[in-house]
Structures are given as structure tokens and as C-alpha cells.
Amino acid sequence: MGRHWLMKSEPDVFSIDDLAKAKQQTTGWDGVRNYQARNLLRDEIAVGDGVLFYHSSVEPPAVVGLARVVRAGYPDPTQFDPKSDAYDQDSKRDDPRWFSVDIAFERKLARAVTLPELRAQPALADMVLLRRGSRLSVQPVTPAEWKKIVALGDGK
DNA sequence: GCCAACGTTGGC
DNA sequence: GCCAACGTTGGC
């Protein structure tokens, strides 16, 4: 079985519904400009891995759906696009600094599992998401955490 | 809108 | 290599 990840997105920018409506229900997870997240995108995240889609900077923040990795790490094209907000003039095409993966919509959870709800679960106390000051936009999730959150979202 | 926490940059 | 200043994230 593949591994599991949580990816944050501001729904005003790109929501789970945007993913469901996207061409082939797939998007490139681009624009990540943090080295720790970059390392995961480049080295760790594999085709078939599960993704918890998380809405950040909204009230309430919540895990809202599931996606799947359909393409493993490749150079993020936005780093070479001067018109992109994520353009990086110092990145070289033969030595790219930033990476993307592609993810495909799987389904929305029956209901969103909110951040306060996650915090209230003893089983989730060690989640990266819940750690003080944690702001990684791509982060690992354990199989047990995945199972728990999906069960909460599906009302079991 | 505020601000705590964290990451990055650049002077020295 | 240190660290102050600055920028960003993201919950509240």
C-alpha cells in the first residue's frame, strides 16, 4: 500500500470542488516553495499514494476530501514562468529547485472534518498538522491517522 | 486584521 | 557561521 499525505490549499485559490471540476479531475500541485515540502514532493511521494485535501485559511479549516497521486515528482513548471507568482529566477532548467506532483480527485468526504474536531481526537494528537507552529503545506499522515479521519468524515 | 511561529536573507 | 531583520503562513 502507498503512503498518505495531507496537502493544504486555500479554497479561495483552489478548492476540492475546483479539483473535481478540473480537466481529468487532475491538477499539478505546483507553487510549493518550502524546502521541506519540496523534498517530500521530489523524493517521497509516489504514484498511488493517498492525499487528504485540506482547506486552510477559512473558517473552519478542514479536511474536505480525498485525492490520489497520479504522477510522482517532476520539476514544477511555474518556477520557470516569469508571469507566475511562483517564478524563481535563480532556478536552473538543468538543476530545478522546485518540484510538483499531480493529484487526481477521488471523492469528497461525506462531511468536512474540521480542525477543532481533529484537535479533539486523542488518536490524532501526534499529527504533524496539529503540532504547534506547524505550517508545512505538504505533510505525511500515518495509516492510523488516515483511517481515523476518513471514518470521521464518513460519519462512522 | 492581528500576530505567533517559522523560514529565508544578507551583513558582518 | 551568527543573528537581526524581514517575509510568509495560517489560525484565531
Side-chain angles (χ1 to χ4, degrees), chain A residues 3-22 27-45 49-69 73-103 105-106 108-142 144-155:
Chain A
R3 299 168 71 184
H4 303 90
W5 311 95
L6 180 145
M7 297 187 186
K8 296 180 187 173
S9 186
E10 299 189 20
D12 292 349
V13 178
F14 192 84
S15 71
I16 188 76
D17 291 322
D18 292 327
L19 180 60
K21 283 183 295 195
T27 194
W29 206 254
D30 58 25
V32 175
R33 297 293 180 267
N34 167 280
Y35 286 104
Q36 213 178 329
R38 185 282 307 271
N39 292 345
L40 297 176
L41 292 167
R42 186 188 59 191
D43 305 330
E44 304 290 336
I45 300 179
D49 286 0
V51 175
L52 295 174
F53 199 105
Y54 178 86
H55 282 173
S56 66
S57 293
V58 280
E59 181 53 38
V63 176
V64 292
L66 308 180
R68 193 159 297 279
V69 177
Y74 62 95
D76 178 346
T78 65
Q79 70 196 303
F80 304 122
D81 178 3
K83 294 192 294 292
S84 169
D85 287 345
Y87 177 61
D88 183 347
Q89 62 175 7
D90 296 329
S91 185
K92 311 276 195 307
R93 284 191 182 269
D94 57 1
D95 185 20
R97 181 176 292 175
W98 306 112
F99 284 73
S100 300
V101 299
D102 287 355
I103 66 168
F105 179 76
E106 191 120 302
K108 291 170 80 167
L109 293 174
R111 62 179 189 81
V113 182
T114 69
L115 183 59
E117 224 178 323
L118 296 171
R119 287 198 191 285
Q121 293 292 329
L124 301 178
D126 293 332
M127 269 193 86
V128 174
L129 182 73
L130 306 182
R131 287 185 197 149
R132 204 170 100 98
S134 168
R135 1 175 269 199
L136 256 192
S137 64
V138 175
Q139 53 180 258
V141 171
T142 70
E145 289 162 354
W146 172 277
K147 200 175 159 190
K148 182 72 190 174
I149 292 167
V150 172
L152 287 168
D154 288 343

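When reading the values below, keep in mind they use all heavy atoms of this one structure, side chains included, and skip hydrogens, waters and symmetry mates. Proteins come first, then strands; the chains are lettered A, B, ... in the order of their sequence lines, and each starts at number 1.
Residue A:Arg97 contributes atom CZ, which lies 11 Å from atom C1' of B:dT8 at whole-angstrom precision. In this entry the distance linking CG of A:Asp85 with C1' of C:dG7 reads 15 Å, nearest Å. In this structure, A:Tyr35 atom OH and C:dG7 atom C1' are separated by 15 Å, rounded to whole Å. Atom-to-atom, CG of A:Asp88 to C1' of B:dG7 comes out at 15 Å; the value is rounded to the nearest Å. What separates CE of A:Met7 from C1' of C:dT9 is a distance of 18 Å, to the nearest Å. Between the P atom of B:dG7 and the CZ atom of A:Arg38 lies a distance of 14 Å, rounded to the nearest Å.
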Please set out all donor-acceptor pairs under 3.5 angstrom arising from side-chain atoms of residues 112-122 of chain A, sequence neighbours excluded.
residue: A:Thr114; atom: OG1; partner: A:Glu117; partner atom: N; Å: 3.3
residue: A:Glu117; atom: OE1; partner: A:Arg111; partner atom: NH1; Å: 3.4
residue: A:Glu117; atom: OE1; partner: A:Thr114; partner atom: N; Å: 3.3
residue: A:Glu117; atom: OE2; partner: A:Arg111; partner atom: NH1; Å: 3.2
residue: A:Glu117; atom: OE2; partner: A:Arg111; partner atom: NH2; Å: 2.7
residue: A:Arg119; atom: NH1; partner: A:Leu130; partner atom: O; Å: 3.4

Just distance, no hydrogens or angles: give the donor-acceptor pairs under 3.5 Å from side chains in residues 29-36 of chain A, sequence neighbours left out.
residue: A:Arg33; atom: NE; partner: A:Ala86; partner atom: O; Å: 3.0
residue: A:Arg33; atom: NH1; partner: A:Asp76; partner atom: OD2; Å: 2.9
residue: A:Arg33; atom: NH2; partner: A:Asp76; partner atom: OD2; Å: 3.4
residue: A:Arg33; atom: NH2; partner: A:Thr78; partner atom: OG1; Å: 2.9
residue: A:Arg33; atom: NH2; partner: A:Ala86; partner atom: O; Å: 2.8
residue: A:Asn34; atom: OD1; partner: A:Gln36; partner atom: N; Å: 3.0
residue: A:Asn34; atom: OD1; partner: A:Ala37; partner atom: N; Å: 2.9

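In this structure, the salt bridge (Lys or Arg N to Asp or Glu O under 4.0 Å) partners of A:Lys108, at least two apart in sequence or on a different chain, are A:Asp17. Evaluation of the side-chain contact (heavy atoms from CB on, under 4.5 Å) rule for A:Tyr87 yields A:Pro82, A:Gln89 as partners, not counting sequence neighbours. In this structure, the side-chain contact (heavy atoms from CB on, under 4.5 Å) partners of A:Asp43, at least two apart in sequence or on a different chain, are A:Asn39.
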Polar atom pairs between nucleotides 10-12 of chain C and protein, under 3.5 Å, N or O only, would you list them?
residue: C:dG10; atom: OP1; partner: A:Lys8; partner atom: NZ; Å: 3.0
residue: C:dG10; atom: OP1; partner: A:Arg135; partner atom: O; Å: 2.8
residue: C:dG11; atom: OP1; partner: A:Tyr54; partner atom: OH; Å: 2.8
residue: C:dG11; atom: OP2; partner: A:Ser57; partner atom: N; Å: 3.0

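Legend: side-chain hydrogen bond (donor to acceptor under 3.5 Å, both in side chains) pairs involving residues 127-141 of chain A, not counting sequence neighbours: none detected. Applying the side-chain hydrogen bond (donor to acceptor under 3.5 Å, both in side chains) test to residues at least two apart or on different chains, none of the pairs has a partner in residues 50-61 of chain A.
With rounding to the nearest 0.5 angstrom, the CD atom of A:Glu44 is 5.5 Å from the CH2 atom of A:Trp5.
Among the atoms of the strands shown, only primed sugar atoms or phosphate atoms (P, OP1, OP2) are found under 4.0 Å from some heavy atom of A:Arg132.
Residues from residues 73-82 of chain A lying near DNA chain C, meaning a heavy-atom separation below 4.0 Å, are absent.
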